[in-house]
Amino acid sequence: MPYDKVDELAINTIRTLAVDATLAANSGHPGAPMGMAPVAHVVFNKFMTFNPKNPKWLNRDRFVLSNGHGCMLQYALLHLFGYGVTIDDLKNFRQVDSITPGHPESHDTPGIEVTTGPLGQGFANAVGLAIAQAHTAAVFNKPGYDLINNHTYMFFGDGCAMEGIASEAASTAGHLQLGNLIAIYDDNHISIDGDTKCAFTEDVMKRFEAYGWHTQHVEKGDTDLEGIEAAIAKAKEVKDKPSVIKLTTTIGFGSKLQGTGGVHGNPLKADDAKQVKEKFGFDPEKTFQVPQEVYDMYHKHAAEGAAAEEEWNKLFEKYGKEHKDAHADLARRLTGDLPDGWVSKLPTYKPSDPAIASRKLSESVLEAIHDVIPELISGSADLTGSNNTRWKNAVDFQPPSLGIGEWSGRYMRYGVREHAMAAIMNGLSAYGTIIPAGGTFLNFVSYAAGAVRLSSLSHQRVIYVATHDSIGLGEDGPTHQPIETLAHFRALPNMMVWRPADGNETSAAYYMALTSKETPSILALTRQNLPQLEGSTIDKAIKGGYVALENEKADVTLVSTGSEVSLCLEAVKTLKDQGLTARVVSLPCVEVFDAQSKDYRLSVIPDGIPTLSVEVMSTLGWEKYSHEQFGLNRFGASGPYKEVYKKFEFTPEGIAKRAKLTVDFYKEVKPLRSPINRAFTQLI
């Protein structure tokens with residue numbers, strides 16, 4: 001059907017809404033929405049299937065705005081199509097407690113699939129969404145039941161193209177032959193610093209060709225609606241490659257400053273806004289204008305999406321009669337609930353069991369639960385043998401044409417791409433049918449910090465299996481030994497950081513990671529063997545902290561995590577020889593411990609007794625739980641791990657020496673209040 005004046009009116013409505021919203025906020029980025037309005041109109045109104053009345057319908061097409069600063073483009077579309085975004089929400093753009101924040105946030109706004117803004121993140125999220133679709137389709141589609149066949153559409157700009165994470169993710173997508181992924185590259189030659197020729201002169205399409213993508217170029221992106229439609233239609237025909245369409249546009253189309261950096265990140269001036277509206281046929285004195293025929297056009301397409309979902313629901317109901325188990329499995333996954341009885345599969349340990357590295361204990365958990373939690377997909381950033389993230393009979397997720405895996409495979413080979421792995425896992429989680437776990441060394445989770453932060457902000461159930469968690473990795477030395485890493489990620493809101501001390505604590509970490517639907521987790525795991533503790537159980541550990549060894553009338557509390565808990569227990573014996581008694585607290589997850597009642601926390605770290613924390617990491621943050629801190633506020637050393645521990649006195653004798661100093665220092669402090677016993681720990 002040819003494009004007409006209503007299409008042009010709709011496109012210009014999107015543009016003027018972006019102008020008005022950014023001007024009202026005196027903040028924002030009008031340029032990208034004004035330049036990308038034509039392609040957004042074509043993608044949403046001609047190609048995408050969705051139901052605004054049910055933004056979570058499983059088989060909807062996904063849209064990701066990787067250049068998230070242009071979010072007024074997406075907010076305008078969500079409003080026009082009838083999602084729960086009102087005209088007043090557009091007027092409250094970038095205001096406190098609005099559902100139209102300065103960059104898209106998936107938990108704030110209906111219709112936003114993933115949280116974007118840090119450039120390149122959305123690109124990698126889109127790869128994750130496309131992987132999730134391919135996997136879910138392979139698992140659940142049956143002859144006569146093409147249940148899962150949606151596409152993922154993603155917009156990105158020059159900034160995303162410059163970010164390394166986009167390159168990592170694009171390489172991954174090309175290798176995986178993700179024909180369900182269509183990216184639109186906004187080739188407007190402008191970034192904050194001005195014309196991109198100052199920093200970015202490569203041939204982006206040649207790069208994508210090298211990655212294995214299908215590439216096209218639409219030169220007149222401002223006006224050539226037919227060309228845009230033809231390019232997207234052709235991209236949909238390509239089944240064995242992801243597609244990228246280079247769309248040459250004019251940033252801030254219609255503005256006096258169009259085509260310049262001046263319209264990238266600043267609202268238009270009032271006189272410019274008026275002339276834009278006049279140019280596009282709108283009343284220059286009015287704001288937030290939406291002609292009824294634009295609403296009618298978009299609502300018609302929305303109704304078609306609602307009808308498509310209704311047909312899908314009928315198909316799914318029929319599917320349930322022929323494929324009862326698969327139907328029940330998929331329906332359960334969509335609730336986020338785990339299968340009944342899965343907890344009984346978690347391994348448990350007793351003190352007489354052998355000492356085992358917690359990375360191997362993690363492997364035992366994955367081996368035990370993978371059959372009963374089919375939505376769990378594991379993987380590693382090229383460290384499978386070190387992270388121990390692959391169960392024995394795992395099948396790799398790979399294009400069948402490569403002969404090394406299947407679309408239904410549940411093990412991801414991310415390659416040496418930690419940052420992309422993390423962001424791809426955010427996309428996998430956002431799809432709604434998968435719980436992703438991915439491994440690397442703890443030190444290299446820092447490579448992925450941008451995406452890890454968005455896991456927390458966007459409430460994704462993602463599990464980071466972070467092995468080689470300390471100086472205990474030994475010979476690889478300071479380049480690989482984390483020092484500041486746990487302090488960094490413990491400071492991250494809505495992130496559980498687990499550092500288990502034995503097998504029961506490792507099982508507890510997985511229990512919490514899997515049952516926390518809106519909180520991601522980092523599991524910091526050892527390379528070296530750890531003994532099974534006398535006082536540990538899963539039930540105790542899931543409180544985040546507990547008393548591992550109680551001694552009435554103890555002189556000192558030793559509070560510790562991971563590999564140092566067993567050292568503290570050994571130090572108790574050394575202290576006894578010196579006439580001192582100690583109690584030991586294991587604190588595998590401070591975030592979970594903080595959520596317990598104050599009475600419980602005071603029972604673990606009580607008043608009246610000095611507390612010494614022991615962890616071979618930065619001491620930053622430990623003042624919240626201890627009076628004195630024994631840690632490592634310098635880089636580590638290369639050598640056999642026992643020798644490295646000895647060098648820094650992380651031995652029973654070294655701990656006992658500092659425990660005695662703590663006792664002596666606080667002997668005359670009466671009354672001595674627990675670090676837990678504060679007026680407040682936070683205001684918000």
Side-chain angles (χ1 to χ4, degrees), residues 56-59 128 131-142 145 147-148 313 316-317 319-349 361-379 388-397 406-412 425 427-439 459-465 496 498 500 503-521 523 537-539 541-542 592:
K56 295 298 184 182
W57 171 40
L58 175 59
N59 200 41
I131 291 170
Q133 185 280 328
H135 173 79
T136 305
V139 171
F140 291 103
N141 287 359
K142 310 290 183 185
Y145 293 98
L147 277 181
I148 312 298
N313 289 336
F316 189 45
E317 184 179 1
Y319 176 88
K321 295 175 181 177
E322 293 189 33
H323 305 283
K324 291 183 180 179
D325 291 345
H327 179 276
D329 182 20
L330 182 54
R332 177 192 57 76
R333 292 192 195 194
L334 295 177
T335 69
D337 295 335
L338 298 173
D340 293 338
W342 78 273
V343 176
S344 66
K345 301 293 184 180
L346 287 171
T348 57
Y349 299 84
L361 295 166
S362 166
E363 180 182 48
S364 295
V365 173
L366 293 173
E367 194 68 58
I369 67 174
H370 74 268
D371 275 340
V372 73
I373 306 179
E375 61 265 46
L376 179 63
I377 288 185
S378 189
N388 303 119
T389 41
R390 194 174 193 270
W391 50 86
K392 290 176 183 176
N393 65 349
V395 175
D396 286 1
F397 176 87
E406 300 291 340
W407 292 125
S408 60
R410 293 171 55 197
Y411 193 77
M412 295 294 305
M425 289 200 294
L428 289 172
S429 173
Y431 191 80
T433 59
I434 288 170
I435 301 173
H459 301 259
Q460 299 299 342
R461 179 163 44 177
V462 171
I463 303 171
Y464 295 97
V465 181
M496 290 189 293
W498 288 88
N504 291 327
E505 290 192 13
T506 303
S507 290
Y510 270 99
Y511 173 86
M512 293 299 293
L514 288 163
T515 55
S516 300
K517 294 181 182 181
E518 295 193 351
T519 301
S521 303
L523 277 53
T537 66
I538 293 176
D539 286 343
I542 61 175
V592 172

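Side chains included, hydrogens not; waters and symmetry mates left out as well; all remaining heavy atoms used. As the structure is a computational prediction, the values presented were derived from the model and not from experiment.
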With rounding to the nearest 0.5 angstrom, report the CD1 to CZ distance, Ile373 to Arg333. 11.0 Å
Report the C-alpha distance between Trp407 and His135 in whole Å, list the side-chain angles of each, state the deciding distance to 0.1 Å, and finish with yes or no for side-chain contact (heavy atoms from CB on, under 4.5 Å). CA-CA 5 Å; Trp407 292 125; His135 173 79; over 6 Å; no
Any [X] side-chain heavy atom under 4.5 Å of [Y] side chain:
X      : Y      : result
Leu58  : Phe316 : no
Leu361 : Pro500 : no
Trp57  : Leu334 : no
Leu523 : Met496 : no
Leu376 : Leu366 : yes
Glu363 : Thr389 : no
Pro520 : Ile463 : no
His370 : Arg410 : yes

Mind checking whether Tyr145 and Tyr319 have parallel, tilted or perpendicular rings, split at 30° and 60°? perpendicular
Donor-acceptor under 3.5 Å ([X] side chain, [Y] main chain):
X      : Y      : answer
Ser507 : Pro347 : yes
Glu518 : Gln460 : no
Gln133 : Ile148 : yes
Arg461 : Leu514 : yes

All heavy atoms of Leu147 vs all of Phe140, minimum pair found to be CD1-O, 4.5 Å
Minimum heavy-atom distance Met425-Pro436, with the two atoms named: O-CG, 3.4 Å
Partner residues of Tyr349 under the ring pair (Phe, Tyr, Trp, His ring centres under 6.0 Å) criterion, sequence neighbours left out: none
For the side-chain contact (heavy atoms from CB on, under 4.5 Å) test, which of Ile435, Val139, Leu330 pairs with Glu375? Ile435
Evaluate Ile542 against Val592 for side-chain contact (heavy atoms from CB on, under 4.5 Å), listing each step before the verdict. CA-CA 8 Å; Ile542 61 175; Val592 172; over 6 Å; no
For Thr433 and Thr136, which I'm curious about, is there any donor-acceptor pair between the side chains at under 3.5 Å? yes
Answer yes if the side chains of Ser362 and Tyr510 hold a donor-acceptor pair under 3.5 Å, and no otherwise. yes
Pairs where residues 132-141 contributes a residue and the test salt bridge (Lys or Arg N to Asp or Glu O under 4.0 Å) is met, not counting sequence neighbours: none
NZ/NE/NH1/NH2 to OD/OE distance under 4.0 Å, Asp396 and Arg390: yes
Strictly below 4.0 Å, N to O, side chains only: are Asp337 and Lys517 in salt-bridge contact? yes
Residue Tyr511 excluded, over 12 heavy atoms near OH under 6.0 Å: no
Check this for me: Asp325, atom CG, are more than 12 non-hydrogen atoms of other residues, nucleotides or ligands nearer than 6.0 Å? no
By side chain to side chain donor-acceptor pair (under 3.5 Å), His327 pairs with (sequence neighbours left out) none
